[in-house]
Protein chains: 2
Amino acid sequence: MKEYKDQEEFLKDYDANLYDLLSVTTDILVFSVSDIEVDSYRKLPEKAFSVLLVKRKNYPFKGNWCLPGGFLKIDEELEESPLRILKKETNLDDIYLEQLYTFGGVDRDPRLRVINVAYMALIDKERLNKPLMTDSAWFTVVQNIQDNVIDLTLYNGGNRLECQALMLKSKIRSINDLKLLRNEGLAFDNALVLIMGMLRLKNKIDYTDIIFNMMPNTFTLKELQKVYEVILNKKLHDQAFRRQIANKVVKTDMVKVSGGHRPSTLYRYRYPKDN
Amino acid sequence: MKEYKDQEEFLKDYDANLYDLLSVTTDILVFSVSDIEVDSYRKLPEKAFSVLLVKRKNYPFKGNWCLPGGFLKIDEELEESPLRILKKETNLDDIYLEQLYTFGGVDRDPRLRVINVAYMALIDKERLNKPLMTDSAWFTVVQNIQDNVIDLTLYNGGNRLECQALMLKSKIRSINDLKLLRNEGLAFDNALVLIMGMLRLKNKIDYTDIIFNMMPNTFTLKELQKVYEVILNKKLHDQAFRRQIANKVVKTDMVKVSGGHRPSTLYRYRYPKDN
DNA sequence: CTAATAGTGTCTATTAGACAGTATGTT
DNA sequence: AACATACTGTCTAATAGACACTATTAG
């Protein structure tokens, strides 16, 4: 091995093709909630949980749906890539974004070896200020967890996608803790990305404040509770819920009037000193 | 754009060099604890928290210390890479491993553009059955957190490394939430990897059982408490601690005798149904 | 008045913090 | 006996679950 005087001399001599080269992509799980109107004028609208998908126009997986994403450019910071994609899809700049997991299965893309860094984004649909891109659509996510099997069914108009996985451990930390049982209509390994994201979110809303990224500026406590309930997929006890989030919200002097019942006080999120 | 009959025909035509190519590496934060003997024969040994580092023999960063790691091979599953490295370094197969974060700064490696998937591993040093690799060494980690500045000082014999970062948010989720203030002796961006790993561990031992991956099969409650204390960097209240971990451990019929005082009952970890 | 949601009061069980006290070993 | 750690008991404060009750609106 040649001896170098210093790092500068070493780098001049260095051949970047010495190691295997491959491509890196970023995918983003864009999650949000929306209202579902109910028949009775008196009842409150239900909350639905939804994810943004893009229909693939080209091979591979032509016609299937996939997460918004793209290839990382060689001179682009890793964190810039999801922000760039989100800006393109939603026209929003300040979106809650966190790294979810990096997927690196050898065969996840039939074209070439790809490492995929998946992010999770939470947005408030009311902030959307332009129509979705063509081929993009919100899918309502209906979850069903029984024994150790998680099943997610996605609906958008006539489109219905479904994915299902066996959870091999009680805490899913790695892609190897999940075994995909069914995947109808999702491209690449996006079914597993979606399931991991869903599980991460269900877990994190218990001990963080990230849910407020999906809420409008003002909201009623019942609306907030319904968002918790649709994500956790279980009913919460009203009074217990109010106590638990009491110190995370601030009462405003506004109320929300809706149907034949007492109006509900609107609340804001109480930002901690930092975020 | 050419129209393809099916995915097979499309792939035959596909040029993998269409997108930017780069290299992927995996780094592993191998954390463990060990005893530090104390002067008085009566006192219990203190617990020290430590991380495994490797001295760089070549450029770049020749002479600095770095995390064990390596380049991902093009036909290697992403998760296999850290396992392969751990096997080489520790000769152990069944090690607790979790993905920590994927680092992708444009300039993190002066040789070429690299995306680095960092993992965190927790091991019980008593299980080590072979000496460390040459150039590998355990460094004791001493942490100091004041205001929003975290400072880690690493000791091994005469070697002393130090890194320090400002925490821009109270919950560190992204590399952008940290601002590196000082880095003495650590290669690449390993200082930030180490700090993120340390923070993740501090956070996770409160709501998971991962600490037991660093414990021997049997241990006294005081030993377990001291491991918590050295990681959290604060004293815990004896009785409160015992109550909190009571249902996570099982009493054995063995005791540990050490110095001039009453022997302590040895406990085992109570495995949940799965892990 | 009725249906439906909004919001409060309170009892109880569980958990967390604090502190005091007792137990048991080696030297 | 003295020291050091091991371990238990109990008071109190805070929190969580459960349930009952009152309040307010549109139609």
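In this view, A:D209 and A:K248, A:Y269 satisfy the side chain to side chain donor-acceptor pair (under 3.5 Å) rule, not counting sequence neighbours. Looking at residues two or more places apart in sequence or on another chain, you find a side-chain contact (heavy atoms from CB on, under 4.5 Å) between B:N91 and B:K87, B:N129, B:K130. Partners of A:R160 by salt bridge (Lys or Arg N to Asp or Glu O under 4.0 Å), not counting sequence neighbours, listed by chain and number: A:E162. Not counting sequence neighbours, the partners of B:D238 by the side-chain contact (heavy atoms from CB on, under 4.5 Å) test are B:K222, B:Q225. Checked against ring-ring contact (aromatic ring centres under 6.0 Å, His included), A:W65 has the following partners two or more places apart in sequence or in another chain: A:F139. Among residues two or more places apart in sequence or in another chain, the ring-ring contact (aromatic ring centres under 6.0 Å, His included) test is passed with A:Y267 by none.
Residue pairs meeting the salt bridge (charged side-chain N to carboxylate O under 4.0 Å, His left out) criterion with at least one partner in residues 250-267 of chain A, sequence neighbours excluded, are A:E223-A:K256. Listed by first then second residue, pairs satisfying salt bridge (charged side-chain N to carboxylate O under 4.0 Å, His left out) with a partner in residues 191-201 of chain A read A:E98-A:R200, not counting sequence neighbours.
For C:dG7, the OP1/OP2 oxygens have a side-chain nitrogen or oxygen of A:T265 closer than 4.0 Å. Side-chain nitrogen and oxygen atoms of A:S264 include none within less than 4.0 Å of the OP1 or OP2 phosphate oxygen of C:dT5.
With respect to A:K226 and A:E46, a salt bridge is recorded, a charged nitrogen being found less than 4.0 Å from a carboxylate O.
Less than 4.0 Å separates DNA chain D from no heavy atom of any residue of residues 223-236 of chain A.
Contact of the A:W138 side chain with the A:L53 side chain is not registered, since no non-hydrogen atoms from C-beta on lie closer than 4.5 Å.
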Side chain to side chain contact (heavy atoms under 4.5 Å, CB included) between A:Q143 and A:D151, intermediate numbers included:
CA-CA 6 Å; A:Q143 56 173 300; A:D151 182 288; over 6 Å; no
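As a whole-Å value, the separation of A:K256 NZ from C:dA6 P is 10 Å. One atom, CG of A:L266, and another, P of C:dA6, lie 11 Å apart when rounded to the nearest Å.
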Report, as a single string ordered 5' to 3', how protein heavy atoms within less than 4.0 Å touch nucleotides 18-27 of chain C: B base, S sugar-phosphate only, - not at all.
BBB--BBBBB
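Nearest heavy atom pair, residue A:A165 against residue A:I195, reads CB-CD1, 3.6 Å.
If one axis is set at each end of the helix from C:dC1-D:dG27 to C:dT27-D:dA1 from five pairs, those axes are 0° apart, to 10°.
Side-chain N/O atoms of A:S32 and A:K125 include no donor and acceptor closer than 3.5 Å.
Within the nucleic acid shown, B:L221 has no heavy atom closer than 4.0 Å to any nucleic acid atom.
Chain B approaches DNA chain D within less than 4.0 angstrom (heavy atoms of the protein), and the contacting nucleotides run 5' to 3' from D:dA2 to D:dT10.
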